[in-house]
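Treat the numbers as computed from the prediction; the structure is a model and nothing was measured.
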Amino acid sequence: MSVAMLALAPAIALGFARFAYALILPDMSADLGWSYADAGLMNTANAAGYLMGALLAARAINLAGSYRVMAVGVWACIAALAICAVFRQALPLNAARLLAGFGGGLAFVAGSVLATGIAQRNPARAVFLLGLFYAGPGLGILLSGLVVPIILERLGPGSWKMAWAALSILSVPLAIIRHFARSESAAVHSPKSHKLNNGEMKWLLCGYLFFGAGYIAYMTFMIAWVQGNGGGAGFQALFWAAVGVAAMASPWLWAGILKRQLHGRSFAVLTAITMIGAALPLLPGGVPVLLASAALFGSAFFAVVAATTAFVRRNLPQEQWASGIGMLTVVFGIGQMLGPIAIGFLNDQMRGLAGGLWASVVLLGMATLIGLPQRDFATVANQEPSVE
């Protein structure tokens with residue numbers, strides 16, 4: 001139950017404060033006269049904040065403890081959602097997306113450290129527990145998919161502020177429930193700080209950067225793609241809910257891969273599955289293909305994140321978890337920061353979304369190939385036996 005409560009932090013910080021933007025983007029773009037590049041810039045601001053949060057997270061955890069850092073991050077995200085419900089101007093909206101990213105970076109790294117500690121104390125279920133935490137954004141995606149399209153349809157064009165307001169209100173009870181995970185914080189925090197040799201993770205770090213740039217394009221523009229292909233509010237809700245449900249199911253679907261595929265293999269396999277999910281909308285087939293894309297992509301993209309944390313847990317002592325997870329989150333954040341604006345610019349140049357979706361597929365393919373050579377670099381007591 002404690003990991004399930006911890007998972008409410010990424011449900012708010014990522015499911016609401018980052019990914020729900022894709023649902024609201026078409027109405028915001030139409031109302032505010034944005035180009036694709038303008039739309040991408042908003043998510044680049046979010047990713048820049050996420051990068052800042054990730055850079056500061058390990059130091060903040062050493063000073064204040066994982067639970068407090070996670071709590072600050074969650075409430076910063078809720079404040080950012082509320083700001084988006086108030087303003088129309090580009091400057092405060094970008095500032096709000098920056099704040100949401102900053103809070104998300106803090107909450108995600110701190111929550112990951114807490115979840116990793118719980119997994120360490122339950123070795124028989126460690127992989128499943130890590131997967132359960134990273135399924136948290138799926139809950140946020142599911143809830144936002146059920147709420148936002150209905151609000152936008154009922155209230156009509158230009159009602160995007162009410163959608164942000166609804167998400168901020170919905171976040172509050174989830175944040176309060178998350179508070180009951182506090183009892184787990186003391187046992188996993190360590191005040192020690194050791195220098196981490198990032199060169200030992202070079203393939204995983206580089207692959208994760210490309211993954212961040214590739215997956216975020218899909219999560220930014222896919223609802224616009226669905227809408228552009230005739231999908232109304234009902235199908236948009238169904239599509240986004242399918243992504244969320246699939247993400248919530250990922251601990252049960254991919255636990256075997258996470259446990260048995262060591263080195264960079266689990267990262268590569270799950271990134272390849274994400275790539276296939278991103279490529280499916282480019283094929284003919286209509287509604288069934290789009291729903292298959294939502295299910296496949298949704299089930300795998302946060303399992304990739306779980307694979308990186310499992311790598312850290314296998315290869316680093318506990319006092320280096322925050323540094324290891326933080327460094328991975330930093331390169332992930334760089335990818336997320338560069339991806340939306342670059343792909344938004346590409347969409348503008350090609351006058352459509354297909355080019356950006358192809359770019360997403362290519363970036364995910366590169367991430368797969370780059371991450372595959374990564375090898376475990378330490379013999380650690382908590383490493384699972386290899387299954388060849």
Can you say whether the rings of F19 and F302 are parallel (under 30°), tilted (30 to 60°) or perpendicular (over 60°)? perpendicular
Taking CH2 in W203 as the centre, count heavy atoms belonging to other residues, nucleotides or ligands within less than 6.0 Å. Is the count above 12? no
Count I, L, V, M, F, W, Y as connected when their side-chain heavy atoms are under 4.5 Å apart, and connections chain through other members. Are I276 and V289 then in the same cluster? yes
Heavy-atom distance under 4.5 Å between the side chains of L25 and I223, does that happen here? no
Identify the two heavy atoms, one from F311 and one from H263, that lie closest to each other, and give their separation to 0.1 Å. CD1-O, 3.7 Å
Among residues at least two apart in sequence or on other chains, which ones pass ring-ring contact (aromatic ring centres under 6.0 Å, His included) with F128? W252
Smallest heavy-atom separation, A76 atom then G103 atom, equals CB-CA, 4.0 Å
Is L146 linked to L238 within one hydrophobic cluster, defined over Ile, Leu, Val, Met, Phe, Trp and Tyr using a side-chain heavy-atom separation of less than 4.5 Å? yes
CG of L129 to OG1 of T116, rounded to nearest 0.5 Å, is 10.5 Å
Would you please name every residue forming a salt bridge (charged side-chain N to carboxylate O under 4.0 Å, His left out) with D38, sequence neighbours left out? none
Applying side chain to side chain contact (heavy atoms under 4.5 Å, CB included) to R88 and not counting sequence neighbours gives D31, L32, W160, K161
So, for S299 and S250, which heavy atoms are closest and what is the spacing to 0.1 Å? O-CB, 3.0 Å
Nearest 0.5 angstrom please: I216 CD1 to T44 OG1, how far? 9.0 Å
Between the CD1 atom in I61 and the OG atom in S323, the distance rounded to the nearest 0.5 Å is 9.0 Å
Given side-chain contact (heavy atoms from CB on, under 4.5 Å), test M222 with L353 step by step and report yes or no. CA-CA 9 Å; M222 198 57 209; L353 294 167; over 6 Å; no
What is the distance from atom CE of M327 to atom OG1 of T308, rounded to the nearest 0.5 Å? 13.5 Å
Going by side-chain heavy atoms closer than 4.5 Å, which hydrophobic residues are tied to V86, directly or by a chain of links? I83, F87, L99
Evaluate the side-chain proximity of W254 to I273: yes if any heavy-atom separation is below 4.5 Å, no if none is. yes
Side chains of N347 and L357, heavy atoms from C-beta outward: is any pair under 4.5 Å? no
Between S293 and Y218, does the side chain to side chain donor-acceptor pair (under 3.5 Å) criterion hold? Intermediate values first, please. CA-CA 10 Å; S293 169; Y218 183 100; 2.6 Å; yes
Answer yes if V331 and L369 sit in the same cluster of Ile, Leu, Val, Met, Phe, Trp and Tyr residues linked by side chain heavy atoms under 4.5 Å apart, and no otherwise. no
Taking every non-hydrogen atom, the tightest pair across L132 and A4: CD2-N, 4.2 Å
Test item: L258 and L130 side chains (from C-beta on) under 4.5 Å apart, heavy atoms: no
In this structure, SG of C206 is separated from CE of M366 (nearest 0.5 Å) by 8.0 Å
Residues at least two apart in sequence or cross-chain that pass side chain to side chain contact (heavy atoms under 4.5 Å, CB included) with T274, listed by chain then number, are F211, F297, A300, F301, V304, L364
With the side chain counted from C-beta on, respond yes when R265 and R260 share a heavy-atom pair under 4.5 Å apart, and no when they do not. no
Assigning hydrophobic clusters by single linkage (Ile, Leu, Val, Met, Phe, Trp, Tyr; side-chain heavy-atom cutoff under 4.5 Å), is F345 placed with F210? no
Minimum-distance pair of heavy atoms, taken over all atoms of L204 and Q374: N-OE1, 3.0 Å
Evaluate Y134 against F108 for ring-ring contact (aromatic ring centres under 6.0 Å, His included), listing each step before the verdict. CA-CA 9 Å; Y134 292 116; F108 194 70; 5.5 Å; yes
Under the side-chain contact (heavy atoms from CB on, under 4.5 Å) criterion, do E200 and R375 qualify, and how do the steps go? CA-CA 9 Å; E200 294 176 308; R375 290 292 178 264; over 6 Å; no
What heavy-atom pair brings I151 and A166 nearest, and what distance separates the two atoms? CD1-CB, 3.4 Å
Is there side-chain contact between L363 and I343, with at least one heavy-atom pair below 4.5 Å? yes
Quick check for you: to the nearest 0.5 Å, what is the distance between I24 atom CD1 and M162 atom CE? 11.5 Å
Using only heavy-atom distances, determine whether the side chains of R18 and Q336 contain a donor-acceptor pair under 3.5 Å. yes
Find out whether M5 and S2 are in side-chain contact, i.e. whether some heavy atom of one side chain is under 4.5 Å from a heavy atom of the other. no
Look at atom CH2 of W34 and say whether more than 12 heavy atoms of other residues, nucleotides or ligands are closer to it than 6.0 Å. yes
Do L51 and F332 come close enough that some side-chain heavy atom pair is under 4.5 Å? no
Mind checking side-chain hydrogen bond (donor to acceptor under 3.5 Å, both in side chains) for S171 and listing every partner two or more places apart, or none if nothing turns up? none
